[in-house]
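These notes concern the structure reproduced below.
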Amino acid sequence: MPRTAEILIPLALESAYSYAVPEGLELAAGDVVQVPLGPREIVGVVWEVGESASGSNLRPVTGRVEVPPLAPGLRGLVDWLARYTLAPKGSALAMTLRLPDEAAGTETIRVGVRAAGRPPARATAARTKVLAVAADGAVHGKSALAKAAGVSLSVVDGLIDDGALETVALQPEPVALPPDPDHARVPLSEAQAEAAAKLIAFLNPPPSAGEGACGAGGRGDRNISGEGGAPLSRPSLRRGPPSPTQVGPARLGHQDADLGQARDRVGGGSSAPAAILLEGVTGSGKTEVYFEAIAECIRRGRQALILMPEIALTAQFLDRFADRFGVRPATWHSGIGGKRRERLRAGVAAGEVAVVVGARSALFLPFAELGLIVVDEEHEAAYKQEDGVHYHARDMAVVRGRIEGCTIVLASATPSIETRVNAMRGRYAHIGLPERFGGRRLPDIAAIDMRLDKPERGRFLAPPLVAAVRSNLAAGEQALLFLNRRGYAPLTLCRACGHRYRCRNCSTWLVEHRFRRALVCHQCGYAERRPESCSECGTFDNLTACGPGVERIAEEVAELFPDKRVIVLSSDFPGGAERLRSELQTVAEGGCDIVIGTQLVAKGHNFPHLTLVGVLDADVGLTSGDPRAAERTFQLLQQVTGRAGRGDRPGRAFVQTYQPEHPVIAALLSGDAERFYAEEIAAREEAGLPPFGRLAALIVSANEREAAEKHGQALARAADPPAGVMVLGPAEAPLALIRGRYRFRLLVKTERSINLQSYLRDWLAQGPKIRGNVRVSVDVDPQSFL
DNA sequence: TGAACTAGTGTG
DNA sequence: ACACTAGTTCAC
């Protein structure tokens, strides 16, 4: 009976391929092997082994690759990910498998030195100092030794030549030193300590606790995911770990059953939530709280992963970690390459690296003994991966956590609606951290009704705001003016003929960037030189800028407060990321009186001197077609206004708006976030919007329509939460969507990767070029379709 | 993913 | 007739 193996290949292939297993080769699921594929040899992973009578005409596996096998948990994750995201299984595998690429060969050997016990032929003062330091007999790094002795490297080199020091090959520098859970236990507030204790109570004990009741729960979870003997090949959606966003009423039955089972298994009365939401207002000290859980996790000998949005992975955060644990944690992000990447993977797989701080791709590292995953800033849209395999890292963290039987913490000051709903429904536990650390209070927020307090013509700061800024400056304090619009003016029109400048691709208005002297499309990046005369009627010098962008606000502020130091911060900051960083530093140090910023200033960066925040147009974004517009705006405004205030007293915030009665604005003013979310959740449920439903469009060639309808049905069935699907032919292509007023994200998948932007541009210019298997999924108000 | 294919178009 | 491009298919 010929033996066969199902081999999954990390290419965009829908399923594993069958190969014959040659005599003498023993294979098990997870083994990494080399197989022939068409004309070439390629690496794949054994997904299943078996025997089959019909296997005689299969090509044989070439051989095993001597690397550690892919752990069952990760195989389960790949299966789950592919199924949930409708991605080819091979693509899902590729995410976990960044195999020893060409970098594997050349580890640079570091050289250390130690005293050879022989006096130098010639002793100088510098040489004596070096030998004094080296007298301990330990191995020193060359440059470290020179530095410790306060001499230059050449002195050390001279001693080596002399034979007084001998060289020793050093172990490669460890990717991360072991963090010490008890390095510096920072004093916690009462609320923090309480939250930390609750969090730690949720930590699963190490598996060595053996017969412990919770341990059994962990195992049970693994069984659900298809490990421990259950076939991995086809974890049905129902039996797989429940989807993280699974909140639709249709699915509740399953969830409850699931939770019930988990509870039975755990015994001891404690429920087993899929995750824990750690909600703490800005400045409440969430980080310190989950650091305690991480410390406990380390003490129990298990690993911890902290996921962060890529931009939030800052030196500042790593230093905070080092303050608490004595060393910086290992970091993982897309920029880490080659040697270091492989070493970190190996360290993680061997269980030597205790804590990894990483961007979303860290989720696919081969942790040996994962005990805790923290998703920091869980509401961040940056957790969405929108090319290749389309996934949300927060949700995948929950899935990975359940598969590995570990604890998942979702931390945020402004949790997403999805997470809130899960917490409300009892799927997630909820730990709140209501007060700011050190008694800091949230700022007082006041609305400025722009219908009543009009700015002067051509101005955008309302008088009450100007007055507030003025008194703030008089007190020598820093103010932030927030406007979420880059550039100078969002619209340019000709006063003579009324022509408005639109993007030739997207039909959105072109935004004037005065600094660059250009009109720019913020949708697709198209840019043209700002014309002198109207390109429609030819009238010279009669173009007028409509509405404000941050550049224009800077102009106005310069006129109002000519002697004050002003910094404009936006993501297109001239001079690049490096200059931007130093400007942020300047602001943090108080070397600036007025900051004018786009949403960049809402994220992460700390502005300790800020006491006043003015939101120039709170209504931006409220009218977009994005079903998450209200939620996003609320979170953004809450974060921005929350920047005001220092340790000694609360700050003030002013919000300019034309619709103070809008639910988002009203909630912001009243501080009643609870009510806002309750209403938002009810409205979404009513309308079938996320997290309760979603809509996808498949765009296909006319002759694939039938197949696409079928695929669409499958998509709708598999989608969770349940999806609506519509199939469009190329002729009715997303033109309507693109031209429409709705902003949406879309994902185009073809067999070949394409540049979405140029693709859409060409599409609009000349009609569809790619026929065939193009899939687009959109997150958009269904009203725009139906 | 990359090699091999096809259809359509341009070029001499 | 043939090169070249853009898009599609296939690989166990």
Side-chain angles (χ1 to χ4, degrees), chain A residues 1-23 25 27 29-65 75 78-79 81-82 85 87-103 232-234 361 364 385 387-390 698-708 711 729-731 733 748-776:
Chain A
M1 183 79 97
R3 295 180 306 154
T4 61
E6 301 298 306
I7 312 289
L8 188 59
I9 293 160
L11 300 177
L13 302 173
E14 291 294 338
S15 62
Y17 284 175
S18 310
Y19 287 85
V21 181
E23 275 313 308
L25 185 63
L27 291 180
D31 286 349
V32 180
V33 292
Q34 211 178 35
V35 290
L37 181 71
R40 62 213 154 112
E41 285 281 325
I42 197 163
V43 161
V45 175
V46 178
W47 225 243
E48 255 179 282
V49 286
E51 292 183 18
S52 145
S54 60
S56 49
N57 52 354
L58 296 174
R59 296 175 81 178
V61 173
T62 310
R64 191 206 306 273
V65 179
R75 277 180 278 134
V78 166
D79 284 332
L81 178 68
T85 63
K89 206 179 260 194
S91 304
L93 176 66
M95 319 208 50
T96 69
L97 248 211
R98 295 288 142 70
L99 272 165
D101 17 356
E102 65 306 325
L232 273 164
S233 56
R234 230 156 254 89
S361 57
F364 299 97
Q385 168 115 99
D387 48 53
V389 180
H390 193 73
L698 301 184
I699 300 180
V700 297
S701 67
N703 56 8
E704 300 223 17
R705 191 152 193 145
E706 202 177 320
H711 185 79
V748 175
K749 284 195 234 161
T750 65
E751 296 293 313
R752 179 172 295 284
S753 58
I754 59 165
N755 178 329
L756 177 58
Q757 230 132 60
S758 59
Y759 172 64
L760 288 177
R761 219 181 352 256
D762 293 351
W763 194 331
L764 287 163
Q766 305 131 41
K769 280 192 157 178
I770 299 177
R771 287 160 305 139
N773 188 15
V774 179
R775 288 180 231 162
V776 177

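None of the values given here were measured: they were computed from a predicted structure. Below, chain A is the first sequence line, B the second, and so on; all start at residue 1.
- Rounding to whole angstrom units, CG of residue A:Asn57 and P of C:dC12 are separated by 11 Å.
- Without hydrogens or angle criteria, A:Tyr19 side chain to A:Pro36 main chain gives a donor-acceptor distance under 3.5 Å.
- Using a 4.0 Å cut-off, no side-chain N or O of A:Arg40 falls inside it from OP1 or OP2 of B:dG2.
- Following rounding to the nearest Å, A:Lys89 (NZ) and B:dT1 (C1') show an atom-to-atom distance of 19 Å.
- The side chain of A:Leu13 lies closest to C:dA11 when the candidates are C:dC12, B:dA3, C:dA11.
- Rounded to a whole Å, the CD atom of A:Glu6 is 8 Å from the C1' atom of C:dC12.
- Although no hydrogens or angles enter the test, the distance criterion places a donor-acceptor pair under 3.5 Å between the side chain of A:Arg59 and the main chain of A:Gly38.
- A:Ile7 comes within 4.0 angstrom of nothing in the nucleic acid, heavy atoms only.
- The distance from atom CH2 of A:Trp47 to atom CD1 of A:Ile9, rounded to the nearest 0.5 Å, is 12.0 Å.
- The separation between A:Ile9 atom CD1 and B:dT1 atom C1' is 10 Å, rounded to whole Å.
- Atom CD in A:Gln34 sits about 20 Å away from atom P in C:dA11, given to the nearest Å.
- Residue A:Tyr17 contributes atom OH, which lies 5 Å from atom C1' of C:dA11 at whole-angstrom precision.
- Atom C1' of nucleotide C:dC10 and atom CG of A:Leu37 are separated by 9 Å, given to the nearest angstrom.
- Partners of A:Glu51 under the side chain to side chain contact (heavy atoms under 4.5 Å, CB included) rule, at least two apart in sequence or in another chain, are A:Met1, A:Arg3.
- For the pair A:Glu14 CD and C:dC12 P, the computed distance is 17 Å after rounding to whole Å.
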